[in-house]
Amino acid sequence: MPSLVQSVDWVALTPVVIPAALALAVLVADLFLPPARKALLGWVTAAGLLAAGLTLLPLRDGHRSTFCQTPGASCSYTADHFALVVQVLVLGGALLTALLSLTTGTTDETGELPGGEYWFLLLSSAAGGALLPASRDLITLIVALEVTTLPAFALVALRRGDRLASEAALKFFLSSVTATAVSLLGISFVYAATGTVNLSEVAHGLGHTPGQLDHLAKAGVALTLVGFAFKLAAAPFHFWVPDTYAGAPLPVAAYLSVVGKSAGFSGLILLAVIAFRPYHDVWGPAFGVLAALTMTVGNAGALRQRPGAERSAVRLLAWSSIGQAGYLLVPMAAASSTADPAHEIGTTVAYALMYGVVNLGAFAVVALVNRTAPRGRLTDYRGLYARRPLAALALAFFLLCLAGLPPGVIGLFAKVAVFSSAVGAQHGWLAVIMAVNVVIALVYYLRWTALLFTRTEAPAPVPGAEPAAAGEAPALAAGTPVALAVAIALTAVAGLALSGAPQLVLRYAQGTLL
């Protein structure tokens with residue numbers, strides 16, 4: 001009889017353990033700290049997330065596993081190259097979210113938000129996001145996904161008395177609960193058909209399913225993937241995204257657009273490429289259709305945003321994130337047609353890293369503008385270069401990266417890599433649709449970029465905005481807080497570094513997933 005005692009490698013688990021332990025510590029410390037000292041909890045959270053990120057350095061060889069019943073057996077947690085790259089994105093995104101929250105996420109018109117609960121929820125979600133890409137069984141995978149998303153409901157609704165926040169949280173909650181129910185039903189069918197929850201063993205079981213269980217297994221695979229499509233906001237399951245991002249506190253919207261999406265995509269990759277590999281002829285075309293529909297719906301929605309509407313900047317980024325999700329699905333569809341999908345999966349991971357860095361940077365600049373233009377309109381960015389030249393240049397760089405235009409080399413490289421994966425896998429029709437959508441996206445990205453350098457008269461003061469200092473334009477008069485400046489600088493430097501050596505990320509991401 002095999003031993004039930006599992007080996008535990010705590011070094012491999014540190015990127016997950018540190019945020020989880022710190023979440024509990026912050027929640028308890030909040031009970032005893034006086035109100036004047038509670039601002040320290042935010043800096044402690046940021047320091048803890050940085051420490052968790054640094055613990056990835058000893059794991060960079062990508063050959064550690066834990067929770068294995070016997071040496072060499074299938075394990076529940078694997079810190080391979082794929083997991084490490086996604087963990088870098090999750091922990092880095094959570095760190096930047098914490099920096100944004102230090103100045104923009106813990107206050108509103110009615111006063112202070114509960115800081116202890118805010119940091120606890122952010123750290124808990126980050127711990128789940130770090131666990132998800134390293135999960136190698138269905139139970140750990142679904143638990144990690146829920147640990148990532150459940151705290152996000154509360155983060156969206158944490159602003160008390162805000163009708164938009166409550167509505168956003170409700171839409172997010174209902175769609176996510178539906179996705180979880182569908183996924184759990186599908187996983188139960190898969191387990192019934194294969195008798196195992198380990199991803200590699202599920203793949204073996206699906207390849208040798210008895211005839212009477214074949215339909216049950218196929219239904220389970222389909223339901224599980226549909227549930228994850230809800231989580232990823234792939235069209236037609238995207239309806240909750242624009243209202244949720246617009247109603248959530250700005251740092252939470254940034255977190256959902258990058259960390260939540262990346263964690264969900266990592267789970268979908270593990271399911272499709274490892275567990276459901278025997279059914280690649282089914283999920284491959286399905287992913288292709290989802291990719292085409294998602295990128296088209298997302299870019300069309302972003303194109304329709306009115307510059308003068310309230311919260312139009314965040315809504316444009318929300319629709320843009322849907323379109324970017326479509327691009328992320330393209331290499332996954334191509335992976336179904338290759339014997340070794342490591343190249344295609346590496347392309348998806350590299351694209352997610354690029355998108356995460358520049359999208360968080362764009363949200364950071366939006367947070368800066370919103371300090372003195374709380375309506376969040378695209379027209380508030382008119383003439384930004386004349387008032388905040390560095391912020392305008394940073395936002396222009398981020399938007400050009402998202403559009404795939406120089407000097408945003410990393411964006412151009414990522415889109416070319418995705419396009420090449422579709423062409424190389426004989427998905428020419430998908431490459432054509434992607435090319436059309438890239439052109440559509442150029443319109444709204446360049447339109448926003450042009451606004452930054454358009455000369456305009458100084459706008460009238462906005463009720464509720466911070467007062468202008470003497471001699472400065474009212475729209476952006478206040479000084480930039482240190483944490484916000486650090487967030488913008490970090491994302492800009494990371495984007496420039498990736499633009500200098502984009503191939504390094506792609507090569508590393510094409511690691512030991514399979």
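One distance of note links NZ of K415 with CG of N437; it measures 10.5 Å at 0.5 Å rounding. One finds the CE atom of M354 at 9.5 Å from the CG atom of L498 (value rounded to the nearest 0.5 Å). Distance check: R447 CZ to Q305 CD gives 9.0 Å after rounding to the nearest 0.5 Å. Once rounded to the nearest 0.5 Å, the distance linking OG1 of T347 with OH of Y327 reads 16.0 Å. Taken from CD1 in I269 to CD1 in I345, the straight-line distance is 4.5 Å, to the nearest 0.5 Å. Here the straight-line distance linking atom OH of Y444 with atom CG of L317 works out to 9.5 Å at 0.5 Å rounding.
With hydrogens and angles disregarded, no donor-acceptor distance shorter than 3.5 Å links the side chain of N359 to the backbone of Y355. Between the side chain of T148 and the backbone N or O of G128 there is at least one donor-acceptor pair closer than 3.5 Å. Using modelled atom types, one side-chain atom of T491 and one backbone atom of I488 make a donor-acceptor pair closer than 3.5 Å. In this structure, S101 contributes its side chain and T97 its backbone to a donor-acceptor pair below 3.5 Å. No donor-acceptor pair under 3.5 Å is formed between the side chain of T294 and the backbone N or O of A291. Checking side-chain atoms of S183 against main-chain N and O of A179 turns up a donor-acceptor pair under 3.5 Å. In this structure a side-chain-to-backbone donor-acceptor pair under 3.5 Å is missing from E310 to R375.
Counting only residues at least two apart or on different chains, no ring pair (Phe, Tyr, Trp, His ring centres under 6.0 Å) pair has a member in residues 13-38.
For the salt bridge (Lys or Arg N to Asp or Glu O under 4.0 Å) test, residues two or more places apart in sequence or in another chain that qualify with K38 are D30.
Heavy atoms only, all atoms of each residue included: I410 and S499 are closest at N-OG, 3.2 Å. Nearest heavy atoms, L328 versus A352: CD2-N, 3.6 Å. The two atoms that bring S321 and V241 nearest to each other are OG-CG1, 4.1 Å, heavy atoms only. Taking every heavy atom of both residues into account, T348 and M332 meet most closely at OG1-CG, 3.8 Å. The shortest heavy-atom contact between A263 and S266 is O-OG, 2.5 Å. A pairwise comparison of heavy atoms in A422 and V330 identifies CB-CG1, 3.7 Å as the closest pair.
Inspection of the S320 and Y445 side chains reveals an N or O donor paired with an N or O acceptor under 3.5 Å. Between the side chains of S125 and Y255, a donor-acceptor pair is found at a separation under 3.5 Å.
Here the side chains of S175 and F237 are not in contact, with every heavy-atom distance at 4.5 Å or above. Between V369 and L395, every side-chain heavy-atom pair lies at or beyond the 4.5 Å cut-off. Between L293 and P236, some side-chain heavy-atom pair lies under the 4.5 Å cut-off. Put simply, the side chain of F228 reaches to within 4.5 Å of the side chain of L145, judged on heavy atoms.
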Listing, residues 46-57 side-chain donor-acceptor contacts under 3.5 Å, not counting sequence neighbours, or none:
from : atom 1 : to  : atom 2 : distance (Å)
T55  : OG1    : A52 : O      : 2.5

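One finds a salt bridge joining K231 and E146 here, because a Lys/Arg side-chain nitrogen approaches an Asp/Glu carboxylate oxygen to under 4.0 Å.
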Run the side-chain contact (heavy atoms from CB on, under 4.5 Å) check on L484 and L100 step by step: do they pass? CA-CA 6 Å; L484 194 52; L100 294 180; 3.3 Å; yes
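The aromatic rings of Y385 and F453 sit tilted, their planes meeting at an angle between 30° and 60°.
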